Number of protein chains: 2
Amino acid sequence: MEPHLSIDEVARRTGLTAHTLRYYERIGLIGPVGRTASGQRRYAPSNMAWIEFLLRLRTTRMPIGKMQAFAALRGAGDPTVPARRQMLEEHLAEVLTEIEAMRCAADALQAKIEYYRSCEQRLALESSIERGNEHEQRKSVPARTGQAEGD
Amino acid sequence: MEPHLSIDEVARRTGLTAHTLRYYERIGLIGPVGRTASGQRRYAPSNMAWIEFLLRLRTTRMPIGKMQAFAALRGAGDPTVPARRQMLEEHLAEVLTEIEAMRCAADALQAKIEYYRSCEQRLALESSIERGNEHEQRKSVPARTGQAEGD
DNA sequence: GATTGACTTAGAGCGCGCTCGAACTTTTAG
DNA sequence: CTAAAAGTTCGAGCGCGCTCTAAGTCAATC
């Protein structure tokens with residue numbers, strides 16, 4: 001039981017498909033991967049670590065082209081360490097910017113959800129009045145906010 | 001100077017292209033937009049507010065198909081408010097999950113950057129020793145960390 | 001009246017990131 | 001020994017989100 005995994009096992013562990021793993025290798029993102037005598041892939045722990053790193057880059061939406069550039073630098077060995085670090089630093093900066101943009105948009109969505117909640121209260125109240133049930137009133141509903149037509 | 005903007009002006013203000021604005025309208029994301037007598041689009045403030053909302057959805061990576069569904073609900077008026085709220089709540093939950101995933105991956109990238117920095121120190125030290133300059137040593141460099149082949 | 005330039009529609013095309021199909025070989029279970 | 005499962009290569013195809021082209025209309029300027 002050596003720690004060299006078949007492509008299906010790697011697929012299972014990483015969540016990628018075997019198709020995608022071959023694709024990544026084809027385009028130079030992964031490799032070289034060991035082979036059995038008959039040509040089947042066997043992934044070593046170092047391959048796994050690299051794939052996991054690629055997945056982190058993917059999570060942060062690095063485009064494949066940049067990953068290829070990074071992989072090429074990595075293949076060129078130690079002298080490219082500064083270049084690789086710089087790539088990561090630039091990418092990280094973009095990622096942090098984007099996280100902030102998403103957080104900001106998420107806040108706006110939260111506000112909208114709350115606005116909808118107030119709409120629902122008002123609508124419920126109006127329809128109950130319409131049906132003649134003028135009780136059921138718990139809190140005063142804020143009439144109608146000036147949400148600037150956002151909806 | 002009414003507050004009804006031409007498509008180019010809207011493009012300028014939103015960062016979308018005129019092409020994309022027409023595309024969004026075509027697929028039912030935007031609309032209806034007012035027209036001049038000769039058929040040119042004139043965007044009202046309510047259109048602008050909706051577009052800005054769409055852009056927030058896009059920032060949070062809602063797929064266009066979902067935006068279309070949302071737009072359709074909106075077009076159906078008040079009774080769909082609860083459904084709209086639910087869509088937003090579900091989407092927001094996904095967004096928060098994804099923000100967390102990105103933040104986590106970003107942390108890993110930061111760690112890798114720091115690892116590279118230590119590599120650079122070690123490499124600089126080694127090459128200076130190789131050249132016979134055995135001074136230049138400031139801090140003890142941690143020999144070589146066992147970064148599990150991540151690189 | 002002619003030209004310039006912003007606008008219109010319908011529909012084709014593109015870049016990205018996979019995803020799948022076809023045809024074949026190897027491994028494994030019964 | 002056989003049959004099914006899993007692997008291989010090569011190349012085509014797909015879904016998404018635009019992006020652009022072509023052909024034409026209209027408004028304003030020379």
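Residue numbers begin at 1 in each chain, while the letters A, B, ... track the order of the sequences. Everything numeric here is computed off the predicted structure, so don't read it as measured data.
- Listed for the B:Gln68 side chain is a donor-acceptor partner under 3.5 Å among the backbone atoms of B:Ile27.
- Residues B:Met62 and B:Glu94 are not in side-chain contact: their nearest non-hydrogen atoms beyond the backbone lie 4.5 Å or more apart.
- In this structure, A:Arg41 atom CZ and C:dT25 atom P are separated by 17 Å, rounded to whole Å.
- Atom CZ of B:Arg22 and atom P of C:dT9 are 7 Å apart (whole Å).
- Across all strands shown, B:Thr36 has no heavy atoms under 4.0 Å from either base or sugar-phosphate atoms.
- Within 4.0 Å of A:Arg42, counting heavy atoms only, lies no atom of the nucleic acid at all.
- Between the side chain of A:Asn47 and the backbone N or O of A:Ala44, at least one donor-acceptor pair lies under 3.5 Å.
- If you measure from atom CD1 of A:Ile27 to atom P of C:dC18, you get 8 Å, rounded to the nearest angstrom.
- Atom pair A:Leu21:CG and C:dC20:C1' shows a separation of 15 Å (rounding to whole Å applied).
- For B:Glu25 and C:dT8, the CD to C1' distance is 11 Å, given to the nearest whole Å.
- Looking at B:Asp8 and B:Arg12, no side-chain N of the basic residue comes within less than 4.0 Å of a carboxylate O on the acidic one, giving no salt bridge.
- Aromatic ring orientation, A:Trp50 versus A:Phe70: parallel (interplanar angle below 30°, classes split at 30° and 60°).
- Proximity note for B:Arg26 (side chain, C-beta onward) versus C:dC7, C:dA12, C:dT19: the nearest is C:dA12.
- Residue B:Arg35 is classed as a sugar-phosphate contact, given heavy-atom separations below 4.0 Å to backbone atoms only.
- For B:Gln40, the listed nucleotide lying nearest its side chain is C:dC7; candidates were C:dC18, C:dC7, C:dT9.
- Taking a cutoff of 4.0 Å between a charged side-chain nitrogen and a carboxylate oxygen, A:Glu52 and A:Arg58 do not qualify as a salt bridge.
- The distance from atom CD1 of A:Ile7 to atom P of C:dT27 is 15 Å, rounded to the nearest whole Å.
- For DNA chain D, the residues of residues 10-20 of chain B within the heavy-atom distance limit of 4.0 Å (strictly under) are B:His19, B:Thr20, sorted by number.
- Using a 4.0 Å cut-off between charged nitrogen and carboxylate oxygen, A:Glu120 and B:Arg85 count as a salt-bridge pair.
- Where A:Ala37 and A:Tyr24 meet DNA chain C, the nucleotide closest to each residue was compared, and A:Tyr24 sits on the side nearer the 5' end.
- Remark: P of C:dC18 and CD1 of A:Ile30 are 11 Å apart, rounded to the nearest angstrom.
- In this structure, B:Thr80 contributes its side chain and B:Ala83 its backbone to no donor-acceptor pair below 3.5 Å.
- A:Glu114 pairs by the side chain to side chain contact (heavy atoms under 4.5 Å, CB included) definition with A:Gln110, A:Arg117, not counting sequence neighbours.
- Protein chain A contacts DNA chain D from D:dG7 to D:dG11, reading 5' to 3' and using non-hydrogen atoms of the protein with a distance under 4.0 Å.
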